[in-house]
Amino acid sequence: MTLTQEQQDFVDAVADFCRREVTDDVARPHDDGLYRKMADLGWLGVTTPEEYGGAGLGVRELLLLLETSAYGKAPTGGYATSVITAAAFEKFGTPDQKRTVLGDFVAGDVLSISMSEPGAGSDVGGLTCRAEKTGDGWVVNGQKTWCSNAHIAKHILLVARTSTEGGKHAGLTMFLVPADAPGLEIHGIETMGGREVNDLYFTDCHLPEDAVVGTEGDAWPQLMAGLNVERMILAGLMLGTARRIFDDTVSYVTEREQFGRPIGSFQALKHRVADLATDLEATRLLVHDAAARMDAAPGELFPREASMAKLKATELAKTMALEGMQMMGGYGYATEYGMEAMLRSTVVSTVYGGTSEIQRDIIGRSYGL
């Protein structure tokens with residue numbers, strides 16, 4: 001895998017920033033101060049068009065930012081949902097929406113996207129949260145759930161049902177919702193990883209007529225146009241996390257001695273490390289190759305490649321954390337060493353953004369199965 005000199009300089013700058021600015025060995029989910037420092041450096045809008053304050057670069061550069069910052073344990077948990085949401089506005093937003101939302105994004109405000117409901121997770125076509133037309137706009141009623149970062153977001157991209165006619169994927173519409181909109185209540189959900197996701201309750205939440213993002217009733221094809229980039233974003237984050245887990249594990253088994261020698265010298269651990277290293281290198285090549293293909297043909301979707309990247313990187317990160325914990329023994333379970341935090345952050349990665357089972361189904365369908 002080769003990088004241009006500009007790409008390597010970018011990686012070096014992000015890595016140096018993380019070494020200087022990330023002070024907690026176990027990073028908090030999101031640190032607003034550090035996040036805005038990254039915004040001041042122009043990094044958050046790496047793929048955002050220059051006219052909205054971004055750098056206008058490609059998926060590969062975005063991947064490098066995600067991978068390197070995740071490796072550096074940067075507490076920027078709001079970035080993944082922000083860049084996913086920003087991409088939707090970049091493609092389908094009105095000029096005013098783009099100026100507002102993309103401008104806030106590159107300046108360091110967090111964005112969130114809300115699709116899932118208590119009765120509709122992987123089955124997006126089962127959404128029931130309703131948005132009905134009124135004389136001066138829309139009124140929204142219903143519940144959303146598992147909405148990442150809504151509690152720290154400035155804007156939320158809501159997917160709601162505006163019609164029951166046609167197939168189940170018809171009649172869905174995207175809306176721009178201020179996170180402090182009257183009629184919207186945000187309640188955190190306690191999870192293994194802390195309070196990172198939320199329930200959203202809409203009760204006669206009024207939105208202006210121009211809150212529609214894209215075309216009314218066409219949210220499904222609009223969402224499909226962005227899902228592959230979303231999967232690449234998650235793949236990049238988990239690739240960087242897997243690399244960090246691997247290096248931390250190797251450092252531990254090299255220094256930790258039992259029976260008079262480093263535990264990494266025992267064949268049982270040495271072979272484990274060898275297998276993980278091989279899998280990590282193969283995964284990195286897979287993920288970066290998918291990004292390079294997307295940059296070479298920006299009009300194509302690459303569903304197979306994106307699903308492969310997301311599937312492989314997230315499953316590897318989870319496996320890497322479990323193996324790291326096992327090789328560290330009791331210390332892997334202790335909060336002092338941080339491996340248990342890595343497990344908490346990776347174990348959910350095979351669920352969000354499309355479960356591993358959904359990714360396998362997409363890959364299988366791409367072969368006509």
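Everything numeric in this text was worked out from a predicted model, so none of it was measured.
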Does atom [atom1] of [X] have more than 12 heavy-atom neighbours, drawn from other residues, nucleotides or ligands, at distances under 6.0 Å?
{"X": "Y331", "atom1": "OH", "answer": "no"}
{"X": "F266", "atom1": "CZ", "answer": "yes"}
{"X": "E165", "atom1": "CD", "answer": "no"}
{"X": "K312", "atom1": "NZ", "answer": "no"}
{"X": "K91", "atom1": "NZ", "answer": "yes"}
{"X": "W220", "atom1": "CH2", "answer": "yes"}
{"X": "E357", "atom1": "CD", "answer": "yes"}

Sub-3.5 Å donor-acceptor pair from the side chain of [X] to the main-chain atoms of [Y], do we have one?
{"X": "K310", "Y": "N228", "result": "no"}
{"X": "S112", "Y": "S148", "result": "yes"}
{"X": "R36", "Y": "D31", "result": "no"}
{"X": "E323", "Y": "M320", "result": "no"}
{"X": "Q97", "Y": "V212", "result": "yes"}
{"X": "N198", "Y": "C147", "result": "yes"}
{"X": "K98", "Y": "F89", "result": "no"}
{"X": "T81", "Y": "L111", "result": "yes"}
{"X": "S366", "Y": "I363", "result": "yes"}
{"X": "Q222", "Y": "T215", "result": "yes"}

Inset, instruction - Applying salt bridge (charged side-chain N to carboxylate O under 4.0 Å, His left out) between K154 and each of D104, D32, D180, report the one that passes. - result: D104
Taking all non-hydrogen atoms of both residues into account, name the closest pair between [X] and [Y] and its distance.
{"X": "G142", "Y": "C129", "result": "CA-SG, 4.0 Å"}
{"X": "P262", "Y": "E257", "result": "N-CG, 3.8 Å"}
{"X": "G77", "Y": "N149", "result": "O-ND2, 3.1 Å"}
{"X": "G324", "Y": "T249", "result": "CA-OG1, 3.5 Å"}
{"X": "P118", "Y": "T145", "result": "N-CG2, 3.7 Å"}
{"X": "M238", "Y": "A317", "result": "O-CB, 3.7 Å"}

Rounded distance (nearest 0.5 Å) linking atom [atom1] of [X] with atom [atom2] of [Y]:
{"X": "S345", "Y": "I245", "atom1": "OG", "atom2": "CD1", "value": "6.0 Å"}
{"X": "T254", "Y": "I263", "atom1": "OG1", "atom2": "CD1", "value": "9.0 Å"}
{"X": "Y35", "Y": "L44", "atom1": "OH", "atom2": "CG", "value": "4.5 Å"}
{"X": "L276", "Y": "L316", "atom1": "CG", "atom2": "CG", "value": "7.5 Å"}
{"X": "T346", "Y": "L237", "atom1": "OG1", "atom2": "CG", "value": "12.5 Å"}
{"X": "L280", "Y": "T319", "atom1": "CG", "atom2": "OG1", "value": "12.0 Å"}

[X] bridged to [Y] by N-O distance under 4.0 Å:
{"X": "R243", "Y": "D247", "answer": "no"}
{"X": "R293", "Y": "D289", "answer": "yes"}
{"X": "D295", "Y": "R60", "answer": "no"}
{"X": "R344", "Y": "E196", "answer": "no"}

Same cluster or not: [X] versus [Y], using hydrophobic residues (I, L, V, M, F, W, Y) connected whenever any side-chain heavy atoms lie under 4.5 Å apart?
{"X": "V229", "Y": "L65", "result": "yes"}
{"X": "V273", "Y": "M325", "result": "yes"}
{"X": "M174", "Y": "W146", "result": "no"}
{"X": "M232", "Y": "Y71", "result": "no"}
{"X": "L223", "Y": "L158", "result": "no"}

Legend entry - Step-by-step salt bridge (Lys or Arg N to Asp or Glu O under 4.0 Å) determination, R365 to D361: CA-CA 6 Å; R365 286 204 306 269; D361 198 50; 2.6 Å; yes
Are [X] and [Y] packed together at the side-chain level, in the sense that at least one heavy-atom pair is separated by less than 4.5 angstrom?
{"X": "F175", "Y": "V140", "answer": "no"}
{"X": "V59", "Y": "T47", "answer": "no"}
{"X": "H288", "Y": "L239", "answer": "yes"}
{"X": "F92", "Y": "D218", "answer": "no"}
{"X": "M38", "Y": "F17", "answer": "yes"}
{"X": "H155", "Y": "F105", "answer": "no"}
{"X": "V110", "Y": "H30", "answer": "yes"}
{"X": "K133", "Y": "W138", "answer": "yes"}

Legend entry - Test log, rule side chain to side chain contact (heavy atoms under 4.5 Å, CB included), inputs L3 and V11: CA-CA 10 Å; L3 302 178; V11 169; 4.2 Å; yes
Inset, instruction - Please step through side chain to side chain contact (heavy atoms under 4.5 Å, CB included) for the pair F10 and V14, ending with a clear verdict. - result: CA-CA 6 Å; F10 181 46; V14 176; 3.7 Å; yes
Inset, instruction - Determine, step by step, whether I156 and L184 satisfy the side chain to side chain contact (heavy atoms under 4.5 Å, CB included) criterion, reporting the C-alpha distance in whole Å, the side-chain angles of both residues, the deciding distance to 0.1 Å, and the verdict. - result: CA-CA 11 Å; I156 298 171; L184 168 60; 4.1 Å; yes
Inset, instruction - Answer yes or no on whether R231 is positioned over the face of F302, meaning its NZ or CZ is under 6.0 Å from the six-membered ring centre and within 45° of the axis. - result: no
Inset, instruction - Could you verify whether a donor N or O on one side chain and an acceptor N or O on the other, from Q143 and E117, lie under 3.5 Å apart? - result: no
Legend entry - Distance-only side-chain donor-acceptor flag, E216 / T162, under 3.5 Å: no
Legend entry - Steps toward side chain to side chain contact (heavy atoms under 4.5 Å, CB included) verdict (E67, V287): CA-CA 11 Å; E67 180 184 353; V287 173; over 6 Å; no
